[in-house]
Colleague: 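Dropping a structure here in structure tokens format, bear with me for questions.
Every value quoted in this text rests on a predicted model; they were computed, and no experiment measured them. Each chain gets a letter, A, B and so on, in the order its sequence line appears, and its residues count up from 1. All values below were derived from every heavy atom in this structure, side-chain atoms included, with hydrogens, water molecules and symmetry-related copies excluded.
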Amino acid sequence: MRHWLMKSEPDAYSLDDLARDGVEPWDGIRNYQARNLMRDEMTVGDRVIFYHSNAKPPAAVGLAEVASEAYPDPTQFDPDGKYFDPKSSPDDPRWLLVDVRYVGHFERPVPLPEIKEDPALSEMVLVQRSRLSVQPVTETEFDHLVELAGGIRSAAS
DNA sequence: GCCAACGTTGGC
DNA sequence: GCCAACGTTGGC
């Protein structure tokens, strides 16, 4: 069982949206490192910290979990969609995704500045290398962050 | 809106 | 295979 952090811009898809939808295919990932993590490292049931990027402030806002094995991202085959990849084909798909299921909102979102100043979280990929949108989190970091957040409440706001 | 970091593309 | 140009991410 591993732990992850996945980013989303709340204007595009927020934790509230996931709470409403329940389960959502995490489409549109076009970074090989992120893809490889989803394809090779994720297991159904892995816990995921849901992070709002490009928010004011950016913050870890809740929890989700991996809800499927990796499978081809259908948006890469849609010529009219913004995630279309002309170099990919259904025979040899380039981009994979996993489904993500809502778990809960944090009692208190943890803003990025607070994450950055916490010595226990200084090694997080989020702090060290902020651009990766799907990233591994150690169990220690995960537990610490959930504790900072005061745990989760199950209902969406 | 700016721009640093950094990943990808493509000419050679 | 190198590397310059370019595009994207995402904090500020």
Colleague: Nearest to the side chain of A:N31, heavy atoms from C-beta on, is which of C:dG11, B:dG7, B:dA5?
Modeller: B:dG7
Colleague: Tell me the interatomic distance from A:E117, atom CD, to C:dC12, atom P, rounded to whole angstroms.
Modeller: 12 Å
Colleague: Measure from CG on A:N54 to C1' on C:dC12 and round the result to the nearest Å.
Modeller: 10 Å
Colleague: May I have the distance from A:K87 (atom NZ) to B:dG10 (atom P), rounded to whole angstrom?
Modeller: 4 Å
Colleague: What is the separation between atom CD1 on A:I29 and atom P on B:dG7, rounded to the nearest whole Å?
Modeller: 15 Å
Colleague: Is it true that A:Y71 and A:W26 have ring centroids separated by less than 6.0 Å?
Modeller: no
Colleague: Take atom CD of A:E147 as the centre, draw a 6.0 Å sphere, and report whether it contains more than 12 heavy atoms from other residues, nucleotides or ligands.
Modeller: no
Colleague: For this output row, return yes or no: ring centroids of A:F77 and A:W95 closer than 6.0 angstrom.
Modeller: no
Colleague: Roughly how many Å is it from CG in A:L112 to C1' in C:dC12, rounded to a whole number?
Modeller: 10 Å
Colleague: Quickly work out the A:Y32 OH to C:dT8 P distance and round it to whole Å.
Modeller: 14 Å
Colleague: Take the protein atom CZ of A:R131 and the nucleotide atom C1' of B:dG7, then report the distance between them rounded to whole Å.
Modeller: 10 Å
Colleague: Is A:K56 touching bases, backbone alone, or none of the nucleic acid, heavy atoms closer than 4.0 Å?
Modeller: nothing
Colleague: Nearest 0.5 Å, please: how far is CG in A:L18 from OH in A:Y13?
Modeller: 4.5 Å
Colleague: In whole angstrom, what separates A:Y13's OH from C:dT9's P?
Modeller: 19 Å
